[in-house]
> 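What follows is a single structure, and I will ask about it in a moment.
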Amino acid sequence: MGMETTAKKTNFIWDFIQQDLESGRYQSVHTRFPPEPNGYLHIGHCKALVTNFATAEHFGGLTNLRFDDTNPAKEETEFVDGIMEDIRWLGFDWKGGLFFASEYYPKCYEIAVDWIERGLAYVDELSAEEVRTYRGTLTAPGKNSPWRDRPVEESLRLFEEMKAGKHPEGSLILRMKIDMASPNMNMRDPAMYRILFKEHHRTGKTWCIYPMYDYAHPIGDALEGISHSLCSLEYEDHRPLYDWVVNHAQNMLPSAPRQIEFSRLNLTRTIMSKRYLRMLVEGGYVSGWDDPRMPTLCALRRRGYTPAAIRDFIDRIGVAKADSEVDLALLEHCVREDLGETVPRAMAVLKPLKVVLTNWPEDFRDELPMENHPAHPEMGGHTSVMTKELYIEQEDFMEVPARKYFRLFIGGEVRLKSAYIIKADSCDQDENGNVTCVYCTVDMDSRNGSEGAKRKVKGTLHWVSAAENLPVEARLYEPLLMEENAEVEQEDAEDASAPAASQKKDFLKRLNPESLEVCHGYMEKSLGDAKPGDTYQFLRMGYFCKDPDSTAQLAVFNRVVGLKDSFKKAVKA
RNA sequence: UGGGGUAUCGCCAAGCGGUAAGGCACGGGACUUUGACUCCCGCAUUCGUAGGUUCAAAUCCUGCUACCCCAGCCA
């Protein structure tokens, strides 16, 4: 048996579609990505985004971008602009077209009138509370509204009056006439239209009645010729309603789309609910929607995540129907893999410790060449200047070495990257016992590239000249949420009786107080012409992306992600 | 207690009656002027559970259990 040369990657959705194509139910594939413009896109949305775009692409079809703007109370133009920018940034193009659900208001109205005439819809005068009561419960059937069987002419007249603004908000709704006893709550005469005297970001004051999602969505899909409407699992219960709408409006619609649901993305230690993200922004817990700790795309972009990394991540997690929570480590792996290959290396010391090279000639400066990428000579190089005084990382020196420590310590030797081998002789300490300066002797014969450099030295450190450097502010990020089941003992004691569910929801208690650490250090001068958005690997420290907060005097860098660190792990154990 | 879903390694996830892919994480080793990268090696006799059918079951049947979603004039 021959092994297949290319592993065919598919998923249950593609399998369904393949069947649909083979059976002739559909001739081609057309999908849509339908965000509501009431907030910014986050990493969770990317799964739906990529799934819709990649599916169409796989079958040679197109994808539409459609803003689901049927609730003027929550939607703004700011968000439609932001969403389009984010999608473009990710590299997707809505070749199928750009649409707004609000474009279909006239058609929706037309169908609604048709349904009233055909006895499929009626105007209800029950209050919101009464509607809820009449709907019944999960286990008890609902009962018909007293207005359910009112004359067609009456509903017609009332619906026109609703549209004409003659009735106040909440006084009337238009409902589908399906089945108040259905075990599926969605089928108990769902609302089609409600009265809302809100200005819409696109239609202005043209309308004061707005269609509900369950009514407008299938119509929008059908009008756009969508073949497969891919959405998340919570709409599974809505599928019978989706089909009901399509079937009963068939005479006025060009096609009948198929809805397929998949599970949404959850990430460990990450808040994915729009509502909670809003609380973080409005509560001042973060600096804004693009605070680099946020899971929004604008924040990930600012932090230094790349479209390639995000798409690779979505690709790797797969598409299925089981509830899941993906380990953040996978996302981090994806950025490291991308950045590691594409980004230049440079040196920056984030928590500086002064080093004096006692035997270094007083005013001698040595320009040392350094490659931009060890595996890609074509990426060129730059020079780093070595002087008598320099900085190394505080954690790279210990007066007496711990076990397995092969950085600098008194009596120990270490190599300075691309430079010389040095040996620590003594150090100064302040009144608290903190080391303030290390005195070293240089092996002047060990300059990088020379014969004397060909010695085995266990540790290699990054460094920056104390005389020739640029100041840098480095912002180090950790997840916004602490690990599950981590240090909440105090609260736990108080809330011992609280239901687990509510504790889980109380994400504020899980907020990580150390999600942001700001360091002030020094970087080599070659980094001086970095522009906001440029990313480097700061040797041994991680990947850093220059932030727009930077000024002419101070460069600000966001840590995208650290390097893998087997030393830290070994020490912890 | 009604309806709709889901259960395969720590986390994702293939598998579609023929004897458990892959990735991440993790552990070990080699290499190393980044304790990074790269490269080897290891990592489910077992598929929520109990039965049944079969020469053969993660895959078929039956019962049970756990978890998720639904009672917006939100999407």
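Every chain is numbered from 1, with letters handed out A, B, ... down the list of sequences. Computed from heavy atoms alone, side chains included, the values below leave out hydrogens, waters and symmetry copies.
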> Looking at the side chain of Ala320(A), which of rC74(B), rA13(B), rG5(B) is the nearest nucleotide?
rA13(B)
> Tell me whether the NZ or CZ atom of Arg66(A) lies within the 45° cone about the ring axis of Phe99(A) and under 6.0 Å from its centre.
no
> Whom does rG22(B) pair with, Watson-Crick or G-U wobble, provided both distances fall under 3.5 Å?
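Across any shown strand, rG22(B) pairs with rC12(B).
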> Indicate whether OP1 or OP2 belonging to rU32(B) is found under 4.0 Å from a side-chain N or O atom of Lys456(A).
yes
> Looking at every strand, decide which applies to Arg336(A) at a 4.0 Å heavy-atom threshold: base, sugar-phosphate, or nothing.
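The answer is nothing, as Arg336(A) stays clear of every strand by at least 4.0 Å.
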> Over all strands shown, is Glu261(A) touching base, sugar-phosphate only, or nothing at heavy-atom distances under 4.0 angstrom?
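Answer is nothing: Glu261(A) stays at 4.0 Å or more from every strand.
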> Please measure how far the P atom in rU45(B) lies from the corresponding atom in rU53(B), and state the result in whole Å.
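Those two atoms are separated by 26 Å.
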> Does NZ or CZ of Lys47(A) fall inside the cone over Phe262(A)'s six-membered ring, less than 6.0 Å from its centre and within 45° of the axis?
no
> Measuring only the P atom in each nucleotide, how far is rA13(B) from rA50(B)? A whole number of Å is fine.
24 Å
> NA contact type, Met212(A), heavy-atom cut-off 4.0 Å: base, sugar-phosphate, or nothing?
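Contact class for Met212(A): sugar-phosphate only.
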> Please determine, for the side chain of Lys321(A), which listed nucleotide (rC73(B), rU6(B), rG35(B)) has the closest atom?
rU6(B)
> Roughly how many Å apart are rG23(B) and rU8(B), using the C1' atom of each and rounding to a whole number?
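Result for the C1' pair: 15 Å, nearest Å.
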> Would you mind checking if Arg258(A) and Asp20(A) are paired as a salt bridge, meaning a charged N to carboxylate O distance below 4.0 Å?
yes
> Do Glu395(A) and Lys568(A) sit within salt-bridge range, that is, some charged N less than 4.0 Å from a carboxylate O?
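Salt bridge flag = no for Lys568(A) with Glu395(A).
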> Does rA25(B) have OP1 or OP2 under 4.0 Å away from a side-chain N or O of Lys564(A)?
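Yes, such a contact exists.
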> For a quick check of understanding: with a heavy-atom distance under 4.0 Å over all strands, which category does Ala73(A) fall into, base, sugar-phosphate or nothing?
nothing
> Side chain of Leu138(A) only, heavy atoms from C-beta on: which candidate in rG10(B), rG2(B), rC12(B) is closest?
rG2(B)
> Taking O4'-C1'-N9-C4 for purines and O4'-C1'-N1-C2 for pyrimidines, is rG72(B) syn (within 90° of 0) or anti?
syn
> Pairing donors with acceptors under 3.5 angstrom, does anything connect the side chains of Glu78(A) and Tyr40(A)?
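A pair is found: one side chain offers a donor N or O, the other an acceptor, under 3.5 Å apart.
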> Atom CD of Glu341(A) to atom C1' of rA36(B): distance rounded to whole Å?
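Value for this atom pair: 13 Å.
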> Please determine, for the side chain of Leu563(A), which listed nucleotide (rU34(B), rC73(B), rG35(B)) has the closest atom?
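Of the candidates, rU34(B) comes closest.
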> Quick one: CD on Glu160(A) to CD1 on Ile209(A), what's the gap to the nearest 0.5 Å?
10.0 Å
> Nearest-Å distance, CZ (Phe406(A)) to C1' (rA36(B))?
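So the CZ-C1' distance, Phe406(A) to rA36(B), works out to 12 Å.
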> So which nucleotide does rU53(B) pair with, by the Watson-Crick or G-U wobble rule with both distances under 3.5 Å?
none
> Look at all strands and tell whether Ser418(A) reaches a base, only sugar-phosphate, or nothing, counting heavy atoms closer than 4.0 Å.
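Base contact - Ser418(A) has a heavy atom under 4.0 Å of at least one base atom.
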> Over all strands shown, is Pro240(A) touching base, sugar-phosphate only, or nothing at heavy-atom distances under 4.0 angstrom?
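Touches nothing.
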> Which part of the nucleic acid, if any, lies within reach of Ser324(A) when heavy atoms closer than 4.0 Å are counted: base, sugar-phosphate only, or nothing?
sugar-phosphate
> Across all strands shown, which nucleotide pairs with rC37(B) by Watson-Crick or G-U wobble geometry, both distances under 3.5 Å?
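Its partner: none found.
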> Give the nucleotide from the list rC12(B), rU34(B), rC24(B) with an atom nearest to the side chain of Arg316(A).
rC24(B)
> Send over the distance from Asn71(A) CG to rC73(B) P, rounded to a whole Å.
12 Å
> I want to verify a distance call: between rC73(B), rG10(B), rU34(B), whose nearest atom is closest to the Leu539(A) side chain?
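Nearest nucleotide to the side chain: rU34(B).
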> Side chain of Phe567(A) only, heavy atoms from C-beta on: which candidate in rA71(B), rC73(B), rG35(B) is closest?
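For Phe567(A), the side-chain atoms sit closest to rG35(B).
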> Taking atom C1' in both rA25(B) and rC43(B), compute the distance separating them and give it to the nearest angstrom.
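These two C1' atoms come out 11 Å apart once rounded.
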> Could you tell me whether Asp189(A) and Lys177(A) make a salt bridge, using a distance below 4.0 angstrom between a side-chain N and a carboxylate O?
no
> Expressed as a whole number of Å, how far does the C1' atom of rA57(B) sit from that of rG22(B)?
23 Å
> Of Asp214(A) and Ala329(A), whose nearest nucleotide on RNA chain B comes first from the 5' end?
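This one resolves to Ala329(A).
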> Could you check how far OH of Tyr536(A) sits from C1' of rC37(B), rounded to whole Å?
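For the pair Tyr536(A) OH and rC37(B) C1', the rounded distance is 21 Å.
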> Just N and O in the side chain of His462(A): are any of them under 4.0 Å from OP1 or OP2 of rU34(B)?
no
> Counting only Watson-Crick pairs (N1-N3 plus N6-O4 or O6-N4) and G-U wobbles (N1-O2, O6-N3), all under 3.5 Å, who is the partner of rG2(B)?
rC70(B)
> Determine the Euclidean distance between corresponding C1' atoms of rC26(B) and rC11(B); express it in Å to zero decimal places.
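Their C1' atoms lie roughly 11 Å apart.
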> Distance check: side-chain N/O of Thr70(A) vs OP1/OP2 of rC74(B), anything under 4.0 Å?
no
> Decide, yes or no, whether a salt bridge links Arg202(A) with Glu75(A) under the criterion of side-chain N to carboxylate O below 4.0 Å.
no
> Any side-chain N or O of Arg415(A) under 4.0 Å from OP1/OP2 of rU34(B)?
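Indeed not, no polar side-chain atom of Arg415(A) lies that close.
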> Tell me which nucleotide among rA75(B), rG35(B), rC24(B) gets nearest to the side chain of His238(A).
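Shortest atom-to-atom distance from the side chain points to rA75(B).
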> Got Leu461(A) and Arg540(A) here, is their nearest side-chain heavy-atom distance under 4.5 Å?
yes
> May I ask you to say what Val319(A) touches in the nucleic acid, namely base, sugar-phosphate or nothing, with a heavy-atom cut-off under 4.0 Å?
sugar-phosphate
> Given atom OH of Tyr40(A) and atom C1' of rA75(B), what is their separation to the nearest angstrom?
19 Å
> Using a 4.0 Å heavy-atom cut-off across all strands, classify Tyr405(A) as base, sugar-phosphate, or nothing.
base
> So does Arg345(A) get a side-chain nitrogen or oxygen closer than 4.0 Å to the phosphate oxygens (OP1/OP2) of rC37(B)?
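The answer is no; no side-chain N or O of Arg345(A) sits under 4.0 Å from OP1 or OP2.
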> Given atom CG of Asn184(A) and atom P of rG2(B), what is their separation to the nearest angstrom?
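These atoms are roughly 15 Å apart.
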> Partner of rC64(B) by Watson-Crick or G-U wobble geometry, both contacts under 3.5 Å, or none?
rG48(B)
> Is any side-chain N or O of Asp565(A) under 3.5 Å from a base N or O of rG35(B), one able to act as donor and the other as acceptor?
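Answer no: no donor N or O sits under 3.5 Å from an acceptor.
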> Select from Arg239(A) and Ser450(A) the residue whose nearest nucleotide in RNA chain B is closer to the 5' end of that strand.
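Looking at the nearest nucleotide for each, Arg239(A) comes out on the 5' side.
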> Any idea which of rC73(B), rA13(B), rG15(B) is nearest the Ala128(A) side chain?
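Shortest atom-to-atom distance from the side chain points to rC73(B).
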> Under 3.5 Å, is there a donor-acceptor pair linking the side chains of His373(A) and Glu341(A)?
no
> Can you identify which nucleotide, out of rC70(B), rC24(B), rC68(B), has its nearest atom closest to the Asp237(A) side chain?
rC70(B)
> So what does Gly562(A) hit on the nucleic acid, given a heavy-atom distance under 4.0 Å: a base, only sugar-phosphate, or nothing?
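Touches nothing.
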